[in-house]
Amino acid sequence: VITGLAVLALSAGPSAACDPEEMIKELRAQCADTVKTAVQLIEPLQADLSDGERSAVEARLKQAGSLCNDDKYSDGYAVTVKLARFLGHVEARKGVAPAL
């Protein structure tokens with residue numbers, strides 16, 4: 001019985017969690033979801049941004065997306081976090097109370 005289970009386990013092949021391509025796809029998807037969330041946070045504040053700020057935000061969003069696609073996930077997350085911090089400053093400037 002033990003030999004049969006060992007043969008079955010070894011013949012099953014690697015799981016999806018051990019598949020490097022699947023792991024990379026999942027990391028890219030998570031990074032892209034983070035950027036999409038930042039876009040959703042930015043939308044209500046677009047009117048409160050100056051033209052320069054709007055251009056900078058758009059450039060940073062493109063940068064974050066590019067970093068995610070280039071498999072530089074931590075860099076993509078870092079750019080997204082900086083955007084979120086900036087948006088907090090915009091909300092404070094506007095007088096919006098944070099909601100947790």
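Residue numbers run from 1 in the order of the sequence given.
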Kindly list each side-chain donor-acceptor pair under 3.5 angstrom involving residues 78-90, sequence neighbours excluded, with atom names and distances?
unit_1 : atom_1 : unit_2 : atom_2 : d
Thr80  : OG1    : Gly76  : O      : 2.8

Counting only pairs under 3.5 Å, give me each side-chain donor-acceptor contact of residues 55-70, with atom names and distances, residues two or more places apart or in other chains.
unit_1 : atom_1 : unit_2 : atom_2 : d
Ser55  : OG     : Asp51  : O      : 3.1
Arg60  : NH1    : Gln63  : OE1    : 3.1
Asn69  : ND2    : Gly65  : O      : 3.3

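Applying the salt bridge (charged side-chain N to carboxylate O under 4.0 Å, His left out) test to residues at least two apart or on different chains, the pairs with a partner in residues 37-50 are Asp48-Lys94.
Remark: Gln46 pairs with Arg54 by the side-chain hydrogen bond (donor to acceptor under 3.5 Å, both in side chains) rule, at least two apart or across chains. Remark: Asp71 pairs with Arg28 by the salt bridge (Lys or Arg N to Asp or Glu O under 4.0 Å) rule, at least two apart or across chains. Residues forming a side-chain hydrogen bond (donor to acceptor under 3.5 Å, both in side chains) with Asp33 (at least two apart in sequence, or on another chain): none. Residues satisfying the salt bridge (Lys or Arg N to Asp or Glu O under 4.0 Å) criterion with Arg93, sequence neighbours excluded, are Glu53. Not counting sequence neighbours, Lys36 has no partner by the salt bridge (Lys or Arg N to Asp or Glu O under 4.0 Å) test.
Gln30 CD to Tyr77 OH: the interatomic distance, rounded to the nearest 0.5 Å, is 5.0 Å. Rounding to the nearest 0.5 angstrom, the gap separating the CG atom in Asp19 from the NZ atom in Lys25 is 8.5 Å.
Between Ile24 and Tyr73, the closest side-chain pair of non-hydrogen atoms falls below 4.5 Å.
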